[in-house]
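Predicted model only: the values in this text are computed from it and were never measured.
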There are 2 protein chains.
Amino acid sequence: MSDKHMTRSTPEKRPFEDAVSRLREAELRPTRQRLALARLLFEGGNRHLTAEELHDEARQADIKVSLATIYNTLNQFTKAGLLREVTVESGRAWFDTNVSDHHHFYAPETGELIDIDLANIAINGLPAAPAGREVERVDVVVRLKPAD
Amino acid sequence: MSDKHMTRSTPEKRPFEDAVSRLREAELRPTRQRLALARLLFEGGNRHLTAEELHDEARQADIKVSLATIYNTLNQFTKAGLLREVTVESGRAWFDTNVSDHHHFYAPETGELIDIDLANIAINGLPAAPAGREVERVDVVVRLKPAD
DNA sequence: GTACGTGCAAACGTTTTGCAGCGGG
DNA sequence: CCCGCTGCAAAACGTTTGCACGTAC
């Protein structure tokens, strides 16, 4: 086996490989743009972003991506289960890199979203879903306002 | 006390008077359009409507109202506490004539919203609001899908 | 009469789409 | 080489706004 194409696995390299395999598992071709966006999204913990915010981040990181591609990518990632869409406001979609079952605090004035772990919360006595339907997901949004 | 301005309270007359006083209490001038919309909204129990749906209903009832006025009116009614805005989908605002504290089932395919009474549901263990903030409202949305 | 409401059309912000060209496998 | 992806611009969508006119009080 030639080592002509082999590269040493440096610590800095890891995220790149992670992003590649993440995309492959989701059956999405690891294109330049998707890789770049995946790294922005998934490095550095749980994040809540709008399309516009991700676009700005990409620009700041000197990644050339059109807003249309941002939207396409966010929707594809969501469909593939890599992201979760959070609906707290009509007129703006938020995307959450935390795809586990959880809930949110939402502060309208700042647009801030804060995760609430499922372990912290119990919902009892929910009526059964109407006939012919089943529950897909329960979303709890705790709307905040500045304290008096 | 003169009965000069008194009108016999016929069953058909009530809703009109109700709508008038409802608007007066909310400090909104009872104009032709606001009255007509108020009657469409508040007669016949709890309703969940989008602006577009209310506009269509008005057209069918031969009420001439522009879409802009529908939006203005829905927002004014909401601010006045006569309606409640329900956010279940980014890109479309729903208005609920039930302003009491309650939650919703939501069926995306049909756009159907079904009230869940607060009595039926208990939420325990919610973390405290972050510092400097307080909880304004807790919204629970149970997203439905067609049964398998 | 006057302040407020309405209608219309145009502007807005977000999201989607159509199509020519690029690039990953 | 081929099919899927990207970029751009334009369109679509729900919603808001500016301004002239109308109307409740």
TODO: Please figure out whether Thr73(B) or Ser90(B) has its closest DNA chain C nucleotide nearer the 5' end.
DONE: Thr73(B)
TODO: Please check if the side chain of Arg47(A) supplies one atom and the backbone of Asn98(A) the other of a donor-acceptor pair under 3.5 Å.
DONE: no
Task: Thr69(B) backbone acceptor or donor facing Thr73(B) side chain under 3.5 Å - done: yes
Open item on the list: Taking Ser100(A)'s backbone N and O only, do any of them form a donor-acceptor pair with His102(A)'s side chain (distance below 3.5 Å, no angle check)?
Closed with: yes
Open item on the list: At less than 4.0 Å, is any side-chain N or O atom of Tyr71(A) found next to OP1 or OP2 of dT15(C)? Yes or no.
Closed with: yes
Open item on the list: As a test of reading the structure: which of dT23(D), dG23(C), dT15(C) is closest to the side chain of Arg32(B), going by heavy atoms?
Closed with: dT23(D)
Task: Side-chain donor or acceptor of Arg32(A) paired with backbone N/O of Ile63(A) under 3.5 Å - done: no
TODO: Select from Asn72(B) and Arg92(B) the residue whose nearest nucleotide in DNA chain D is closer to the 5' end of that strand.
DONE: Arg92(B)
Task: Whole-Å gap separating P (dG14(D)) and CG (Leu74(B)) - done: 14 Å
Task: Spacing between Glu89(B) atom CD and dT15(C) atom P, to the nearest angstrom - done: 12 Å
Open item on the list: For Leu40(B), is there any backbone N or O sitting under 3.5 Å from a side-chain donor or acceptor partner on Glu43(B)?
Closed with: no
- [ ] Report the residue (Gln33(A) or Leu67(B)) whose heavy-atom-nearest nucleotide on DNA chain D is the more 5′ of the two.
- [x] Gln33(A)
Open item on the list: Looking at dC5(D), I'd like to know if its phosphate oxygens (OP1 or OP2) sit under 4.0 Å from a side-chain N or O belonging to Arg34(A).
Closed with: yes
Open item on the list: Below 30° counts as parallel, above 60° as perpendicular, anything between as tilted: where do the rings of His104(B) and His48(B) land?
Closed with: perpendicular
Open item on the list: Give the residues of residues 52-66 of chain B touching DNA chain C, defined as any heavy atom closer than 4.0 Å, sorted by residue number.
Closed with: Lys64(B), Val65(B), Ser66(B)
Open item on the list: Please evaluate residues Arg34(A) and Gln76(A) with respect to the criterion side-chain contact (heavy atoms from CB on, under 4.5 Å), reporting the C-alpha separation (whole Å), side-chain torsions for both, the decisive distance (0.1 Å), and the verdict.
Closed with: CA-CA 10 Å; Arg34(A) 293 215 269 235; Gln76(A) 288 158 174; 2.8 Å; yes
Open item on the list: What is the separation between atom CD1 on Ile70(B) and atom P on dC8(C), rounded to the nearest whole Å?
Closed with: 12 Å
Open item on the list: Among dG5(C), dT15(D), dG24(C), which nucleotide has an atom closest to any side-chain atom of Arg29(B)?
Closed with: dG5(C)
Open item on the list: Considering every strand and a 4.0 Å limit on heavy-atom distances, what is the contact class for Asn75(A): base, sugar-phosphate, or nothing?
Closed with: sugar-phosphate
- [ ] Check every atom of dT6(D), dA9(D), dT15(D) against the side chain of Thr31(A) and return the nucleotide holding the closest atom.
- [x] dT6(D)
